[in-house]
Amino acid sequence: MNTAFRTPTAYEVFCTTTYRLLLDCLSRPGTIVQLPSVEFLAVPTDLIAGSTTNPFCLAACMSLVDQETSMVLAAAGGWVAEHHPAAAWVHLRTNARRSAASESAFACLWDVASLALLPSLSHGSLTFPERSATAFCAVDVLSESGTWELSGPGIQTTTALGISNVTSEQMGYIQASRSSFPLGVDVFLVDATGKCVGLPRSTRIVRSRTS
Amino acid sequence: MTEQHTNIYNFGFIDEDSKREVRRQLLKAVALPGHQVPFASRDLPIGRGWGTGGLQITMAIIAASDTLKVIDQGDDESVNAVNLRRLLTRTTGVSTTVDTQAATIIQTRHRIPEEQMREDQILVLQVPMVDPLRWVEPNLERATVMHGEADYGRMWVYMYESVIKAGDIRIATQYPVIVAGRYMMDTTPIPRWDVLRLHNADHLSLFGAGREKRVYAVPPYTTVEPLEFEDFRFKTEYAEGQRCHRCGATNTFLTGHFVKSTGTDEPGHWVTSCSDASYCDKQMVAQGWTEAQE
Amino acid sequence: MRDSVTGILSRSPSTTVCALAAQALSMVSDPSVVVLSGPKVAMVQLRIQESVADTVFNGGEVLVTETRLELNGVFGFGMVIGDQPEYATALAVLDALGRIDGPHRAYMTDAVADLARALTTKHQREFAASNSTKVAFDTF
Amino acid sequence: MGYIAARGGTQAILNAELLVEYMRLHAASDPIGIDQIRDQMRAAVGRAMNEGALYAPNLAALALKQSEGDSIDASFLLRAYRSTLQRVMPTIPARGVDIRCQRRISASFKDIPGGQMLGPSTDYQIRMLNTLLMHESTADVQRILAEYDALIAQHADTDERAGYFPKVVDYMRAEQMVPFVRDDEGAEPFDITRTALTFPCPRSARLQSLAQADTGCLLTYAYSSVRGYGDAHPTLAELRFGALAIAVTHPLTGEPVCIGEIVVTECEIVSKAHSVAHNQERPYFQLGYGFTFGHSEVKAMSMGILDSVLSQAKRNGLSGESGPAANEEFVLLHSDGIEASGFTAHYKLPHYVTFEADLKVLERAVDHVESDALNPHAAHATTAKERL
């Protein structure tokens with residue numbers, strides 16, 4: 001069979017590889033996947049002064065974004081201004097549209113403190129629940145055991161999730177983002193080593209009885 | 001015409017931004033099990049209605065490391081399966097297989113393979129008609145509102161009338177189901193035989209309708225409940241005493257076809273055999289038959 | 001716009017425009033052309049502003065050829081309808097030359113004026129033919 | 001030990017493709033040249049381009065050759081090719097008033113500023129087969145070209161603005177026959193090739209859909225709305241055919257850059273208004289807009305009629321109550337020739353799984369009828385009723 005296609009670029013391969021992992025972990029909430037190396041993107045660690053950039057988290061979010069969609073950034077509990085150098089850095093590499101947080105399709109949160117901003121993202125409507133935001137949030141360490149118990153589609157019975165640095169209040173914002181299914185925000189958590197977990201709005205999250 | 005001759009297609013035919021759009025909508029579909037998510041749907045070099053939705057999903061998710069299986073009616077060698085496989089391998093170079101166990105992505109029309117799929121496999125289904133409500137509400141705008149409000153009363157009435165008039169629910173394929181207790185979903189033209197195999201499955205199922213421009217999904221371990229009544233249970237096509245004339249299987253979906261007789265004057269006769277041809281072959285090999293070279 | 005330099009160049013015979021670009025380029029001493037992209041066949045999305053409610057809509061795609069280059073470091077952009085790689089590159093060269101000083105400028109101005117006259121004549125001939133199909137009404 | 005028979009569709013498919021080539025060339029006549037199709041089959045080329053939504057006369061001619069003249073198949077080839085090309089930018093919005101007309105007529109007024117100009121039209125041609133075309137020679141071609149030159153000599157024009165005309169609708173607006181309507185949906189038009197159509201949809205989505213719809217389908221819907229399944233009373237305000245210059249924005253300077261001309265047909269349809277819409281102060285005529293690539297007058301007019309019917313229905317809060325052609329969702333979702341033909345043709349694909357499933361349902365229905373005949377008092381699905 002003669003083939004007719006050009007070899008994908010490194011970024012294209014990265015986007016496809018990352019996508020399969022995101023699809024997998026969103027389909028199986030609580031399952032932790034390891035995102036690929038992002039060294040080739042050369043993400044500056046100090047994109048936002050005073051906050052450490054998680055390059056895995058940022059790159060995973062960017063892999064889904066292009067000129068047809070919009071992406072906002074947040075750090076230390078506040079949205080990053082439209083013309084902040086970090087926003088410009090993302091824009092130049094993705095062509096992402098700039099829009100208000102309430103209208104944005106993607107949000108990249110630099111830290112768990114920024115989870116407090118989840119309520120201001122779009123949750124979709126009853127007729128078009130897909131017109132809602134997807135948030136990527138950087139966390140310290142993810143583990144498959146710990147404080148939180150997950151259930152819902154994609155989970156056989158229940159599964160446990162540990163997030164080293166999230167407070168109950170911060171987790172409360174994620175829990176609230178799925179309190180009116182099918183409306184809601186889908187969340188990916190990415191830790192410092194590139195471990196990633198998907199929490200679609202269909203996942204119920206409660207504090208584990210054993211913890 | 002210089003460009004026509006030198007044109008090098010993108011890996012997976014559609015361009016990267018098109019893939020990204022399908023990918024984004026599939027994530028929404030997974031987060032909203034059974035909900036139809038609109039997507040842009042590009043024009044492909046095969047006909048609208050010939051599997052362009054499933055193709056676009058496969059093109060959007062496939063990587064060079066994948067092993068692909070393409071079936072139509074359960075058969076890897078069906079003319080349409082051959083043709084779609086030809087397009088996908090020509091534009092990706094991925095290796096293909098007929099063995100359900102060896103595949104990472106299975107693209108299918110009308111069937112779910114007989115062999116149980118694993119957690120690490122993705123089933124991509126080609127969908128002709130997306131909305132189960134079309135039988136009671138052909139207007140998309142109104143049907144969208146009905147889904148939004150989970151207003152499925154008219155569909156239950158339709159099913160009930162069907163039982164009264166025909167003694168059975170008249171929907172053969174495309175049987176409506178409720179996914180994860182919320183959305184009513186069309187099960188594509190898979191037979192009823194396959195409907196229950198979507199229920200709490202180990203694998204992820206992705207559905208694509210190119211002409212209708214919708215994708216939807218059933219994540220693993222998600223309830224898929226066919227519409228039924230307490231005294232009128234959902235029934236599959238299984239018939240007492242059914243048997244594949246080739247491999248002898250009694251627990252597969254069978255289709256009818258005509259076979260020539262060899263060595264006699266008798267013209268031939270009608271038989272039934274497994275629609276999942278690679279499964280049937282596997283069974284026969286297990287029984288000591290060998291495969292003929294094509 | 002239709003009487004602009006690009007309006008004239010993009011609607012003149014492609015061989016003439018290519019020759020014009022080659023001639024103008026030869027008048028630049030030591031030209032260095034770096035092609036940034038193209039000539040590539042691509043599409044532009046045709047936007048129409050219709051006359052009923054001024055709605056702008058997408059009327060379909062137009063197949064074009066585009067060349068982007070740098071001539072002695074000066075950016076040049078050429079785009080033309082159809083699959084015409086030499087034509088697109090010639091237009092990009094002329095676009096860059098238009099932003100560079102030199103004796104080629106006067107030559108280009110004269111050549112474009114010639115093309116403009118030829119184009120007007122061509123259009124007038126076409127119109128004369130259609131004009132012969134005008135329905136004559138008695139005017140009182 | 002036995003053998004499993006090898007199955008296979010691959011060779012059948014390849015041989016079928018060879019047979020298609022054979023059918024096209026079986027009589028061993030001279031192959032048709034692409035430029036002959038492009039120049040001499042103008043209508044077919046225009047139709048392939050507007051239904052394929054890609055302005056590319058050479059490729060449209062190639063597509064017509066490859067599809068043996070099947071217009072839907074030709075436009076399908078162009079649509080698929082379109083998916084492989086990068087879209088680099090949108091054009092600067094072009095306007096019909098800038099068409100360099102070769103033809104321009106109005107049915108609303110006897111005479112109009114600039115005059116009625118028939119141009120290349122078959123409208124008044126007596127439709128008798130021209131048997132002379134059976135044996136057209138190069139000499140005949142030269143004769144026609146010479147006659148054309150003579151015609152030009154008689155009607156020489158020195159006007160710099162030759163071919164540009166004012167719009168009849170602008171005159172109608174100035175006279176307050178039609179309203180000043182301004183679409184307030186925003187500057188960025190909907191793009192049905194990048195976003196799935198959902199309803200209700202903006203007018204820009206409707207116009208884009210109609211512009212790439214199947215000619216025959218638009219004709220049928222428009223015809224139904226004027227024949228009795230609707231309330232349209234159209235009059236042609238203006239129809240023009242000619243060349244439209246296209247410009248894009250220069251990536252460095254931001255200035256307009258003309259990239260050449262395309263051949264288009266444009267029309268406005270004016271429709272009799274029956275009542276005063278609630279948000280209007282005075283009665284007006286309704287307007288509809290038609291636009292196509294190439295010389296496609298029936299399609300442009302059908303589009304204009306449907307646009308006016310759909311605008312009127314939307315304004316009055318109707319959705320199909322004034323005939324099928326007034327149902328926007330129905331019209332837009334069923335008028336794409338490539339989608340409709342693709343789906344209709346897909347019934348040629350193997351369906352033996354679904355057929356087998358249908359068969360089982362049929363068998364059960366037959367059993368049901370027979371058992372009913374035996375026991376007419378059988379109570380069916382009593383709890384099923386309770387379930388409701």
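None of the values given here were measured: they were computed from a predicted structure. Below, chain A is the first sequence line, B the second, and so on; all start at residue 1.
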I would like to know whether A:Thr157 and B:Tyr221 meet side chain to side chain contact (heavy atoms under 4.5 Å, CB included); could you show each step before the answer?
CA-CA 9 Å; A:Thr157 50; B:Tyr221 313 119; over 6 Å; no
Side chain, backbone, both or neither of [X] within contact of chain A (heavy atoms, under 4.5 Å):
{"X": "B:Phe13", "result": "neither"}
{"X": "B:Asp17", "result": "both"}
{"X": "B:Ile105", "result": "side chain"}

Looking at [Y], is its backbone amide N or carbonyl O close enough to the side chain of [X] to form a donor-acceptor pair, meaning the two atoms are under 3.5 Å apart?
{"X": "B:Arg20", "Y": "A:Glu68", "answer": "no"}
{"X": "B:Lys28", "Y": "A:Ser132", "answer": "yes"}
{"X": "A:Arg201", "Y": "B:Ala31", "answer": "no"}

Is the number of heavy atoms from other residues, nucleotides or ligands under 6.0 Å of A:Gln67 CD greater than 12?
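Atom CD in A:Gln67 is crowded, with more than 12 foreign heavy atoms closer than 6.0 Å.
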Partner chain B: residue of [options] with the largest heavy-atom pair count (under 4.5 Å):
{"options": "A:Gly152, A:Ser125, A:Ser63", "value": "A:Ser63"}
{"options": "A:Val65, A:Thr203, A:Leu22, A:Leu199", "value": "A:Val65"}
{"options": "A:Gly154, A:Pro200, A:Gly184", "value": "A:Gly154"}
{"options": "A:Thr134, A:Leu126, A:Thr17", "value": "A:Leu126"}

Looking at [options], which one has more heavy-atom pairs under 4.5 Å with chain A than the rest?
{"options": "B:Val179, B:Asp202, B:Ile61", "answer": "B:Ile61"}
{"options": "B:His147, B:Glu149, B:His35", "answer": "B:His35"}
{"options": "B:Ile122, B:Leu26, B:Val30, B:Val218", "answer": "B:Val30"}
{"options": "B:Met146, B:Arg23, B:Arg182", "answer": "B:Arg23"}

To the nearest 0.5 Å, what is the distance between CG on A:Asp66 and NZ on B:Lys19?
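The distance works out to 13.0 Å.
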Minimal non-hydrogen separation, [X] against [Y], with atom names:
{"X": "A:Thr16", "Y": "B:Ala63", "value": "CG2-CB, 3.9 Å"}
{"X": "A:Phe5", "Y": "B:Arg90", "value": "CD2-O, 3.5 Å"}
{"X": "B:Arg24", "Y": "A:Phe106", "value": "CD-CE1, 3.4 Å"}
{"X": "A:Ser27", "Y": "B:Pro220", "value": "O-CD, 3.4 Å"}
{"X": "B:Ile62", "Y": "A:Arg20", "value": "CA-NH1, 4.1 Å"}
{"X": "A:Pro182", "Y": "B:Leu32", "value": "O-CD2, 3.3 Å"}

Taking the side chain as every heavy atom from C-beta outward, state whether [X] and [Y] have any pair of such atoms under 4.5 Å apart.
{"X": "B:Glu16", "Y": "A:Thr9", "answer": "no"}
{"X": "A:Tyr19", "Y": "B:Leu27", "answer": "yes"}
{"X": "B:Pro38", "Y": "A:Glu130", "answer": "yes"}

Heavy-atom distances under 4.5 Å only: say whether A:Val13 touches chain B with side chain, backbone, both or neither.
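When you check distances to chain B, no heavy atom of A:Val13 falls under 4.5 Å.
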Heavy-atom cut-off 4.5 Å, strictly under: side chain, backbone, both or neither for A:Ile155 against chain B?
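Backbone only.
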